[in-house]
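Input: a single structure, listed below in structure tokens.
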Amino acid sequence: MQGGCYCGALRYEVSGKPVFKAQCHCRACTHYAGGAPNMFMAVPETGFRYTAGNPAQFTRDVDAKATRDFCATCGTQLVSRRKGMGLVMIKVGTLDAPEEFKAPRAAIFVGEKQPFHQIPEELPQFEGLPPLG
């Protein structure tokens, strides 16, 4: 799989299959997604690499749980990394073929879900992070 930012300055490729697909309802993700849940897929760090450009990064000093890579030119957030997980969370909208995502397998951080967020009935729901091992 390949993807990149809106303006094309950043490009990446993914080797291997995602280990987790979800929609995240945490407040940080809804900020980045413009109010909607964030659709993402997690891949091992070893299966992700940038092929063009160097991302800008943001880590919030208050909690420092996640570092987010984004394009300094167009502002597109591409991925995030959570400390100690060894995974890269790819924002589905940045894939060249987002239809490859197919569908989330879980809804996470539903304890922070907004009343207007929709979760399919059949989707497992977790108040925070589920066990990923």
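Sequential numbering from 1 along the given sequence is applied to the chain's residues.
Hydrophobic cluster membership for L123: V110, I119 (Ile, Leu, Val, Met, Phe, Trp, Tyr linked by side-chain heavy atoms under 4.5 Å, directly or transitively). Other residues sharing a hydrophobic cluster with Y6 under the 4.5 Å side-chain heavy-atom criterion for ILVMFWY residues do not exist; the residue is a singleton.
A search for side-chain contact (heavy atoms from CB on, under 4.5 Å) contacts involving A56 returns F70, A72, not counting sequence neighbours. Evaluation of the side-chain contact (heavy atoms from CB on, under 4.5 Å) rule for A97 yields E99, E100 as partners, not counting sequence neighbours. The side-chain contact (heavy atoms from CB on, under 4.5 Å) test applied to R27 returns T30, H31, E112, not counting sequence neighbours. Taking T67 as the reference, T59 meet the side-chain hydrogen bond (donor to acceptor under 3.5 Å, both in side chains) condition, with sequence neighbours excluded. Checked against side-chain contact (heavy atoms from CB on, under 4.5 Å), F126 has the following partners two or more places apart in sequence or in another chain: A106, I108, P124, P130. Considering only residues two or more places apart in sequence or on other chains, Y50 meets the side-chain hydrogen bond (donor to acceptor under 3.5 Å, both in side chains) condition with D69.
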(message) Quick one, V88 with Y12, criterion side-chain contact (heavy atoms from CB on, under 4.5 Å). Give me CA distance, side-chain angles, the key distance, then yes/no.
(response) CA-CA 12 Å; V88 175; Y12 64 81; over 6 Å; no
(request) Decide yes or no on side-chain contact (heavy atoms from CB on, under 4.5 Å) for M89 and R68, but give the supporting numbers first. (result) CA-CA 9 Å; M89 276 59 80; R68 300 173 191 282; over 6 Å; no
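The SG atom of C24 lies 13.0 Å from the OH atom of Y32; values are rounded to the nearest 0.5 Å. Of the inter-residue distances, the one linking S15 atom OG with M1 atom CE reads 9.5 Å to the nearest 0.5 angstrom. To the nearest 0.5 Å, the span separating CZ on F48 from CD1 on I90 amounts to 5.5 Å.
For the pair K91/S80, a side-chain contact is recorded, criterion being any heavy-atom separation below 4.5 Å from C-beta on. By the 4.5 Å heavy-atom criterion applied to side chains, P18 and R105 are not counted as neighbours.
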Only distances under 3.5 Å count here; give the side-chain donor-acceptor pairs of residues 35-47 to other protein atoms, sequence neighbours excluded, each with its distance to 0.1 Å.
none

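Here ring-ring contact (aromatic ring centres under 6.0 Å, His included) pairs that include residues 81-119, with residues two or more places apart or in two chains, are H25-H117. Here salt bridge (charged side-chain N to carboxylate O under 4.0 Å, His left out) pairs that include residues 10-20, with residues two or more places apart or in two chains, are R11-D96, E13-R49.
When all heavy atoms of L10 and G53 are compared, the closest pair comes out as CD2-C, 3.5 Å. Listed here is the closest heavy atom pair of C7 and C71: SG-SG, 3.8 Å. Pairing each heavy atom of P104 with each of Q23, the nearest pair is CG-OE1, 3.6 Å.
Using a 4.5 Å cut-off between side-chain heavy atoms of Ile, Leu, Val, Met, Phe, Trp and Tyr, with links allowed through other members, L87 and V79 fall into different hydrophobic clusters. Residues F58 and L78 do not share a hydrophobic cluster, clusters being chains of Ile/Leu/Val/Met/Phe/Trp/Tyr side chains in contact below 4.5 Å.
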